[in-house]
Amino acid sequence: MSTEETERGPRRTNPESPPNYNFSSRSKLMSSTSSSQLVADKHVRYILMAEKKKESLESVVMDHLRMNGAYWGLTTLDLLDKLGTVPEDEVLSWVMTCQHESGGFAGNTGHDPHILYTLSAVQILALFDKISILDVGKVSSYVAGLQNEDGSFSGDIWGEIDTRFSYIAICCLSILKCLDKINVEKAVAYIVSCKNLDGGFGCTPGAESHAGQIFCCVGALAITGSLHHVDKDLLGWWLCERQVKTGGLNGRPEKLPDVCYSWWVLSSLIMIDRVHWIDKAKLVKFILDCQDLDNGGISDRPDDAVDIFHTYFGVAGLSLLEYPGVKTIDPAYALPVDVINRILFTR
Ligand code: GRG
């Protein structure tokens with residue numbers, strides 16, 4: 001492996017590795033325009049408390065997708081350098097109770113497996129450097145078994161097809177170093193068939209471009225070294241038009257801004273090297289304005305109720321914006337860069 005030192009740690013330069021994103025086009029963070037700062041300690045407390053409130057309405061509603069919630073919360077803690085405050089053994093043994101005979105993981109104990117939760121489980125194990133406790137062959141066979149003849153992926157045995165599942169399969173198998181278990185060429189061809197005239201991507205061929213799907217398609221193309229299929233200027237233009245007057249980003253034309261698009265849009269812009277086309281200072285201010293300054297947590301828009309999903313995407317967005325004190329996140333794998341470097345380039 002070859003790496004070069006950057007201000008924020010080692011960065012991959014191996015031509016056989018996933019793309020070496022041009023972080024240099026990201027200017028230094030300008031905090032002067034924000035009235036508030038990131039209340040990191042309060043967000044950490046909010047996440048740790050959310051886990052304890054098992055009887056709350058939010059917990060009950062989220063019960064079946066607890067694996068996703070755990071990934072969002074734990075990744076946020078790691079980005080804030082507080083993963084060590086979590087009882088690791090407890091988390092890992094719960095994650096493993098969610099695995100099925102098929103090799104796939106469910107959103108919680110006693111639920112059905114789905115590719116969505118399988119990626120979250122693998123990502124959680126990656127955060128703790130515990131991929132070794134997995135039967136990698138079994139998990140990767142589950143994921144690879146969801147590929148269809150046309151290269152697309154289903155989410156589970158019920159067969160729904162979506163480019164989200166293409167991304168998840170590719171990301172998951174790449175972390176497990178098992179991409180050779182699928183037909184990557186066909187997987188890429190299917191994703192390219194979901195490209196629209198506006199340069200964006202949808203969930204299936206002909207479906208409307210949406211920032212969330214664009215992240216999935218660009219992320220999958222980045223991981224497989226296939227970004228040449230993207231018209232970077234056209235897509236970059238569509239993505240930077242997602243910024244509205246308040247500085248926030250929406251997911252498609254005429255929609256309201258939402259903190260989560262700070263991740264879906266910004267990560268895509270970084271992967272195609274067009275992040276300098278948006279006003280980063282205004283986006284930082286928008287994210288900081290969505291914080292609950294008293295009790296921690298981040299909401300979709302200023303003054304709305306906070307939740308763990310938006311807390312993660314707010315902090316992850318700030319990471320992409322190089323906000324001081326937040327670890328660097330990899331825009332394709334959605335895990336801290338040090339975690340990805342450790343997994344992909346040290347053994
Ligand atoms: C590892 C980060 C990571 C992701 C895993 C699940 C997944 C892969 C990606 C989901 C991508 C996606 C479709 C995100 C969009 C989520 C969202 C806020 C949808 C809301 O859609 P609408 O139509 O909202 O309700 P708008 O904003 O268009 O009004």
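One-based numbering, in listed order, for ligands and for the atoms of each.
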A.B. asks: Go through ligand 1 atom by atom and flag the ones less than 4.0 Å from a non-hydrogen atom of Cys260.
C.D. replies: 18 (C)
A.B. asks: Which residue and non-hydrogen atom of the protein lie closest to atom 27 (O) of ligand 1, and at what distance in Å?
C.D. replies: Tyr261 OH, 2.7 Å
A.B. asks: Is the closest protein non-hydrogen atom to atom 25 (O) of ligand 1 under 4.0 Å?
C.D. replies: no
A.B. asks: Looking at Asp273 and Lys232, is there a salt bridge between them, counting it only when a charged N and a carboxylate O are closer than 4.0 Å?
C.D. replies: no
A.B. asks: Pull out every atom of ligand 1 sitting under 4.0 Å from any heavy atom of Leu116, numbered as shown with elements.
C.D. replies: 6 (C)
A.B. asks: I want to confirm something. Looking only at heavy atoms, which of Glu254, Arg252, Gln123, His310 is nearest to atom 28 (O) of ligand 1?
C.D. replies: Arg252
A.B. asks: Heavy-atom contacts with Arg164 under 4.0 Å: which atoms of ligand 1 show up? List them by number with element.
C.D. replies: 9 (C), 10 (C), 13 (C)
A.B. asks: Under a 3.5 Å threshold, yes or no: a donor from one side chain and an acceptor from the other, between Gln213 and Asp162?
C.D. replies: yes
A.B. asks: Hey, does Asp231 have a side-chain heavy atom less than 4.5 Å from the side chain of Trp237?
C.D. replies: no
A.B. asks: Looking at ligand 1, is there an atom of it that comes within less than 4.0 Å of some heavy atom belonging to Gly212?
C.D. replies: yes
A.B. asks: Heavy-atom contact check, 4.0 Å cutoff: does Tyr333 meet ligand 1?
C.D. replies: no
A.B. asks: Out of Tyr71, Trp264, Trp263, whose heavy atom sits nearest atom 4 (C) of ligand 1?
C.D. replies: Trp264
A.B. asks: With heavy atoms only and a cut-off of under 4.0 Å, state how Cys216 meets ligand 1: side chain, backbone, both or neither.
C.D. replies: side chain
A.B. asks: Going by the atom numbers of ligand 1, which of them fall below 4.0 Å from some non-hydrogen atom of His210?
C.D. replies: 15 (C), 21 (O), 28 (O)
A.B. asks: Are a donor atom and an acceptor atom from the side chains of Asp258 and His310 found within less than 3.5 Å of each other?
C.D. replies: yes
A.B. asks: Would you check if Tyr323 and Lys280 make a side-chain contact, meaning some heavy-atom pair closer than 4.5 Å?
C.D. replies: no
A.B. asks: Side chain or backbone, does Gln213 bring an N or O within less than 3.5 Å of an N or O on ligand 1?
C.D. replies: no
A.B. asks: Do Tyr312 and Tyr71 have ring centres separated by under 6.0 Å?
C.D. replies: yes
A.B. asks: Below 4.0 Å, non-hydrogen atoms only: which portion of Ser120 touches ligand 1? Side chain, backbone, both or neither.
C.D. replies: neither
A.B. asks: Please confirm whether the backbone N or O of Trp264 pairs with a side-chain atom of Ser268, one donor and one acceptor, at under 3.5 Å?
C.D. replies: yes
A.B. asks: State yes or no: are the ring centers of Phe153 and Tyr190 separated by less than 6.0 Å?
C.D. replies: no
